[in-house]
> 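Take this structure first; my questions come after.
Side chains included, hydrogens not; waters and symmetry mates left out as well; all remaining heavy atoms used.
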Amino acid sequence: MSITKDLEFSVLTKRYNKTLAVNKISLKIPGGTYCCLLGPSGCGKTSTLRMIAGHEEISEGNILLGNNIINELSPAKRGTAMMFQNYALFPHLTCLQNVGFALKMRGLQKDIRNVESQKMLELVQMSEFSDRLPAQLSGGQQQRVALARALITNPSILLLDEPLSALDPFLRIKMRSELKFLQKKLGITFIHVTHSQDEAMALADMIVVMNNGIIEQVGSPYEIFNYPKNKFIATFVGGHNVIIRNKKYYSIRMDHINLDFKKINNRENNDVNPFIVKEIEFQGQIVKVTGETKNFGELSVQLSDEKFLKNKFEIKDEVFISWDRDRESLLA
């Protein structure tokens, strides 16, 4: 495969008329990284991906691959390949022909195209389906063919635009593992756009959280989850409560809050709060309980299903929560 190169944004900006979609972002993504651009709809992540691919013009700033500015290069000359959300397979072509289409456009002979295409189909475990049309494939199989088609151009960077969003939950988790395995095997950079926190946490070496056209935080999944930089990160990435203490914002993880089922004598301690249960959500191995407190408003707690079943309570019941202040993280 291609030699990996760092990808860098330098005050990268994208405007659509008067709308500022990406606002002067600067970032370096090391070669060989699985990077997820994570954020809500409209945050600028897809515009950023499309600028890397060359499908959107850059309003200001530069994109560098290695030491070369690629702003003016056509998509085919950038050393990148893009896998679209809807896969965009040609319905009248077989899997083998779909995968080899880019090589056909480059003028390679049919026998050479077929050999290379078969290698790519084997890589994504689709070689036995080479003669099928896209309509004869499942969603997951279509995704594998689209992946093989993107990889056959030998890119140094693979760009993925919410590639798992059309799959059912079971297949989404399976394909997550396959994408991660494939990226490590090939050793090239994957840049993956998603709005799913779970997806980014499972896949990425490096997460870039975006909001309103800017980068809010960059870090490993562990850093993003355990040390959110600000209130937006703490609430969007999930798993955290945001509280105000002494006119400052802090985050406390839901699983770091203790839920007590018996009345506690020391009710004056600010870290022990009466908690009126508003919602109970069973999530398999864990149960998420949301309730109202006097001191900190609405908070959520995660506890094991085993603990919940041993100490059942109902909506509107009063229980008590507490936590160690050392577990709190100060937010910017």
> Could you state the interatomic distance from CD (E162) to CG (L37), rounded to the nearest 0.5 Å?
10.5 Å
> To the nearest 0.5 Å, how far apart are CD in Q118 and OG in S127?
5.5 Å
> Check ring pair (Phe, Tyr, Trp, His ring centres under 6.0 Å) between F236 and all other residues, then give those that pass, not counting sequence neighbours.
F232
> For residues 64-74, tabulate all N or O donor-acceptor pairs below 3.5 Å that involve a side-chain atom, not counting sequence neighbours.
| from | atom 1 | to | atom 2 | distance (Å) |
| --- | --- | --- | --- | --- |
| N71 | OD1 | I63 | N | 2.9 |
| N71 | ND2 | G61 | O | 3.0 |
| N71 | ND2 | N62 | OD1 | 3.0 |

> Can you confirm whether N212 is buried at CG, in the sense that more than 12 heavy atoms of other residues, nucleotides or ligands lie under 6.0 Å from that atom?
no
> Would I29 and E8 satisfy side chain to side chain contact (heavy atoms under 4.5 Å, CB included), going step by step from the backbone distance to the final call?
CA-CA 6 Å; I29 301 172; E8 187 172 357; over 6 Å; no
> My understanding is that only residues two or more places apart in sequence, or in another chain, count here; which of them pass salt bridge (Lys or Arg N to Asp or Glu O under 4.0 Å) with D255?
R253
> Any salt bridge between K288 and E279, counting N to O under 4.0 Å?
no
> Hydrophobic cluster membership, with links at side-chain heavy-atom distances under 4.5 Å among I/L/V/M/F/W/Y: are I286 and F282 in one?
no
> So with a 6.0 Å cut-off around NZ of K307, is the heavy-atom count from everything else above 12?
yes
> Given I152, which partner from the list L147, L103, L121 fulfils the side-chain contact (heavy atoms from CB on, under 4.5 Å) test?
L103
> I'd like to know whether E328 forms a salt bridge (charged side-chain N to carboxylate O under 4.0 Å, His left out) with R245, so could you lay out the CA-CA distance, the side-chain angles of the two residues, the decisive distance to 0.1 Å, and finally the verdict.
CA-CA 10 Å; E328 295 176 2; R245 189 195 297 282; 2.5 Å; yes
> Mind checking what makes salt bridge (Lys or Arg N to Asp or Glu O under 4.0 Å) contact with E56, not counting sequence neighbours?
K14, R50
> For residues 54-85, which residue pairs qualify under ring pair (Phe, Tyr, Trp, His ring centres under 6.0 Å), counting only residues two or more places apart or in two chains?
H55-F84
> Would a hydrophobic clustering, with Ile, Leu, Val, Met, Phe, Trp and Tyr connected at side-chain separations under 4.5 Å, put M206 with L160?
no
> Which pair of heavy atoms, one from L167 and one from M175, lies closest together, and at what distance?
CD1-CG, 3.6 Å
> Go through I257 and F275 one step at a time and tell me if the side chain to side chain contact (heavy atoms under 4.5 Å, CB included) criterion holds.
CA-CA 12 Å; I257 298 178; F275 182 84; over 6 Å; no
> Test side chain to side chain contact (heavy atoms under 4.5 Å, CB included) on S26 and L12; report intermediate values, then the result.
CA-CA 6 Å; S26 295; L12 187 64; over 6 Å; no
> When rounded to the nearest 0.5 angstrom, what distance separates CE in M82 from CD1 in I157?
12.5 Å
> Kindly say whether D326 contributes a backbone atom to a donor-acceptor pair with the side chain of D324 at under 3.5 angstrom?
yes
> Sequence neighbours left out, what pairs pass ring pair (Phe, Tyr, Trp, His ring centres under 6.0 Å) with at least one residue falling in residues 198-227?
F225-H240
> Which atoms form the tightest heavy-atom contact between T4 and I188, and what is the distance?
CG2-CA, 3.8 Å
> Heavy atoms, side chains only, cut-off 4.5 Å: are N241 and S300 in contact?
yes
> Keeping E116 on the side-chain end and R113 on the backbone end, is there a donor-acceptor pair under 3.5 Å?
no
> Do L203 and R176 come close enough that some side-chain heavy atom pair is under 4.5 Å?
yes
> Return each pair, listed once, that meets ring pair (Phe, Tyr, Trp, His ring centres under 6.0 Å) where at least one residue sits in residues 127-164; pairs must be two or more places apart or across chains.
none
> Could you grab the distance from atom CD1 of I252 to atom OG of S329, nearest 0.5 Å is fine?
7.5 Å
> Working note: I58 + T13, criterion side chain to side chain contact (heavy atoms under 4.5 Å, CB included); need CA distance, chi angles, decisive distance, verdict.
CA-CA 6 Å; I58 296 168; T13 300; over 6 Å; no
> Side chains of S47 and Y16 only: does a donor on one sit below 3.5 Å from an acceptor on the other?
yes
> Please enumerate all residues that pass side chain to side chain donor-acceptor pair (under 3.5 Å) together with E178, with sequence neighbours excluded.
R144, K174
> Mind checking whether D168 and F170 have side chains closer than 4.5 Å, heavy atoms only?
yes
> Under a 4.5 Å cut-off applied to non-hydrogen side-chain atoms, are L151 and L186 in contact?
yes
> Going by salt bridge (Lys or Arg N to Asp or Glu O under 4.0 Å), name the residues that satisfy it together with D205, two or more places apart in sequence or in a different chain.
K180, K184
> If two hydrophobic side chains count as joined below 4.5 Å and joins carry through other members, does I215 share a cluster with L38?
no
> Quick one about Q141 and Q143 (side-chain donor to acceptor, distance below 3.5 Å, no hydrogens or angles considered), yes or no?
no
> Check whether any side-chain heavy atom of I191 sits under 4.5 Å from a side-chain heavy atom of L7, and report yes or no.
yes
> So which pairs with a foot in residues 19-51 pass ring pair (Phe, Tyr, Trp, His ring centres under 6.0 Å), sequence neighbours left out?
Y34-F190, Y34-H192
> Give, for atom OG of S251 and atom CZ of R327, the distance between the pair rounded to the nearest 0.5 Å.
12.5 Å
> Mark yes when over 12 heavy atoms from residues, nucleotides or ligands other than E306 sit less than 6.0 Å from its CD; otherwise mark no.
no
> Mark yes or no for whether N273, through its side chain, and T293, through its backbone, hold a donor-acceptor pair below 3.5 Å.
no
> Heavy atoms, side chains only, cut-off 4.5 Å: are N258 and I321 in contact?
no
> Check the hydrophobic clustering (I, L, V, M, F, W, Y; side-chain heavy atoms under 4.5 Å; chains of links allowed) and say if L96 and L137 are grouped together.
yes
> Please name all residues satisfying salt bridge (Lys or Arg N to Asp or Glu O under 4.0 Å) with E292, sequence neighbours left out, ordered by chain then number.
K278
> Applying ring pair (Phe, Tyr, Trp, His ring centres under 6.0 Å), can you list everything that pairs with Y250, at least two apart in sequence or on another chain?
none
> Determine, using the 4.5 Å side-chain heavy-atom cutoff (strictly less than), whether V319 and F296 are members of one ILVMFWY cluster.
yes
> Between N114 (side chain only) and D111 (backbone N and O only), is there a donor and an acceptor less than 3.5 Å apart?
no
> Are the side chains of L179 and L164 in contact, using a 4.5 Å heavy-atom criterion?
yes
> Kindly indicate, with the supporting measurements, whether the criterion ring pair (Phe, Tyr, Trp, His ring centres under 6.0 Å) is fulfilled by F101 and F90.
CA-CA 9 Å; F101 185 79; F90 297 111; 4.6 Å; yes
> Side chains of L93 and L133: does their closest heavy-atom pair fall under 4.5 Å?
no
> Using a strict threshold of under 4.0 Å (side-chain N to carboxylate O), is an ion pair present between K119 and E122?
no
> As an exercise, state the distance from OG of S165 to NE2 of H195, rounded to the nearest 0.5 Å.
7.0 Å
> Do F313 and F308 pass the ring pair (Phe, Tyr, Trp, His ring centres under 6.0 Å) test, and can you show the C-alpha distance, the side-chain angles, and the key distance before you say yes or no?
CA-CA 8 Å; F313 51 87; F308 176 75; 5.4 Å; yes
